[in-house]
Amino acid sequence: MTDQPDLSYGENRSIDSSGSVVIDLREYRQNLDPLPVTFHRRELDAILWIYGRMVGEGEWRDYAIDHLKEKAVFSVFKRSGEMPLYRIEKNPKLAAKQGAFSVVNTNGMVLKRGHELSQVLKVFDKALKLVDK
């Protein structure tokens, strides 16, 4: 056996004057339990504005928010006991590729994906219809 301290905790470590191992607390916490992905306030404002509009039209009745390790999910329901009609997802790992935001339907099909939440939420805009008398 050697008297060398265990340096397996991460990159940002050092040995102080007493020979103790000093570990970066931020890195240690991230290794133990990484923070979940969350929606920022402006993102939630945009999502809840759409949600309020759709509730007013009688399309949606309930929602759920999940903050997971790899993504944040805002699910909307017609009835609370059913599968979600739509899921608005934020996945930061896809930000550099296809865009962090997506809207997914009940069947798991991605309806719209992009880098800007406001552009992705346009999938819920209703097209005007011509009505004949």
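Put simply, CG on N107 and CE on M83 are 9.0 Å apart, with the number rounded to the nearest 0.5 Å. For the atom pair CG (D125) and NZ (K122), the distance works out to 7.0 Å, reported to the nearest 0.5 Å. A distance of 13.5 Å separates CZ of R87 from CZ of F74, quoted to the nearest 0.5 Å. One finds the CG atom of D66 at 10.0 Å from the CD atom of E89 (value rounded to the nearest 0.5 Å). The CG atom of L85 sits 5.0 Å away from the OG1 atom of T106 when rounded to the nearest 0.5 Å. I88 contributes atom CD1, which lies 11.0 Å from atom CD of E43 (distance to the nearest 0.5 angstrom).
The two atoms that bring P84 and S75 nearest to each other are CB-CB, 3.8 Å, heavy atoms only. Here the closest heavy-atom approach between residue V37 and residue K69 is recorded as CG2-O, 3.5 Å.
A single hydrophobic cluster is not seen to contain both L68 and V104; linkage of ILVMFWY side chains at heavy-atom distances under 4.5 Å, directly or through other members, places them apart. F39 and V123 fall within a single hydrophobic cluster, where Ile, Leu, Val, Met, Phe, Trp and Tyr side chains are chained together by heavy-atom contacts under 4.5 Å. M109 and L121 fall within the same hydrophobic cluster, where Ile, Leu, Val, Met, Phe, Trp and Tyr residues are linked whenever their side-chain heavy atoms come under 4.5 Å apart, directly or through other members. By the rule that hydrophobic residues join a cluster once side-chain heavy atoms approach within less than 4.5 Å of another member, L48 and V73 end up as members of separate clusters.
Checking side-chain atoms of H115 against main-chain N and O of A100 turns up no donor-acceptor pair under 3.5 Å.
Side-chain contact check for R113 versus V110: some heavy-atom pair is nearer than 4.5 Å. The shortest side-chain heavy-atom distance between I47 and L117 falls under the 4.5 Å cut-off. Here the side chains of K90 and H40 are in contact, with some heavy-atom distance below 4.5 Å.
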Indicate every side-chain donor-acceptor pair of residues 49-60 with a distance under 3.5 Å to a residue at least two apart or in another chain.
residue: Y51; atom: OH; partner: R61; partner atom: O; Å: 3.4
residue: Y51; atom: OH; partner: D62; partner atom: N; Å: 3.4
residue: R53; atom: NH2; partner: F124; partner atom: O; Å: 2.6

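Aromatic rings of Y63 and F77 (six-membered ring for Trp) have centroids beyond the 6.0 Å cut-off, not under it.
Counted within 6.0 Å of CD on E116, heavy atoms from surrounding residues, nucleotides or ligands total 12 or fewer; the atom is thus considered open. Within a 6.0 Å sphere centred on OH of Y86, heavy atoms belonging to other residues, nucleotides or ligands number 12 at most.
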